[in-house]
Structures are given as C-alpha cells and as structure tokens.
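Data block below; observations after.
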Amino acid sequence: MTADTPSGTEVPPPCPICGKPAAPAFRPFCSKRCADVDLQRWFSGRYAIPGRPEDAVADGEEPEA
C-alpha cells in the first residue's frame, strides 16, 4: 500500500498488451480486442511453454536429469 492509494483499494496491473489500465470485465486486459490479440498469439505459437525434448523419450532412451 502506498500513500497515493486509499486503504482497501486495489489498483489493477496494466494491460499486458497495450499498457492501459485493466478493465474489470476483461481483466487482466483493458478490452476484448487486447484479449483477442493475446489469444491469437497463443494460437499462432508466438507464446510457448517450454517442455522436455521428446526425441530422447520417443526413442526409449532415459531422459537426462
């Protein structure tokens, strides 16, 4: 809590796409457009969650620890 923020009031983080204040209806985004931009980035593969290499597992070898 800072001196600028009244007690009990939470300031939402900015939209991760454009940086505008987040709207409660689209949180954490500011609008449906920014939410759709983020979804399209996931679908296109721009965002990816790294995983273990599948080559070693598929060949029946022991994965490296």
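Note that the coordinates shown come from a computational prediction; the quantities given were computed from them, not determined experimentally.
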Could you go through residues 20-31 and list every donor-acceptor pair under 3.5 Å that involves a side-chain atom there, pairing it with any protein atom two or more places apart or in another chain?
unit_1: Arg27; atom_1: NH2; unit_2: Glu10; atom_2: OE2; d: 3.2
unit_1: Ser31; atom_1: OG; unit_2: Arg33; atom_2: N; d: 3.4
unit_1: Ser31; atom_1: OG; unit_2: Cys34; atom_2: N; d: 3.3

List the residues meeting side-chain contact (heavy atoms from CB on, under 4.5 Å) with Phe43, not counting sequence neighbours, and say none if there are none.
Leu39

Can you run down the salt bridge (Lys or Arg N to Asp or Glu O under 4.0 Å) pairs that involve residues 38-51, sequence neighbours left out, and say none if there aren't any?
none

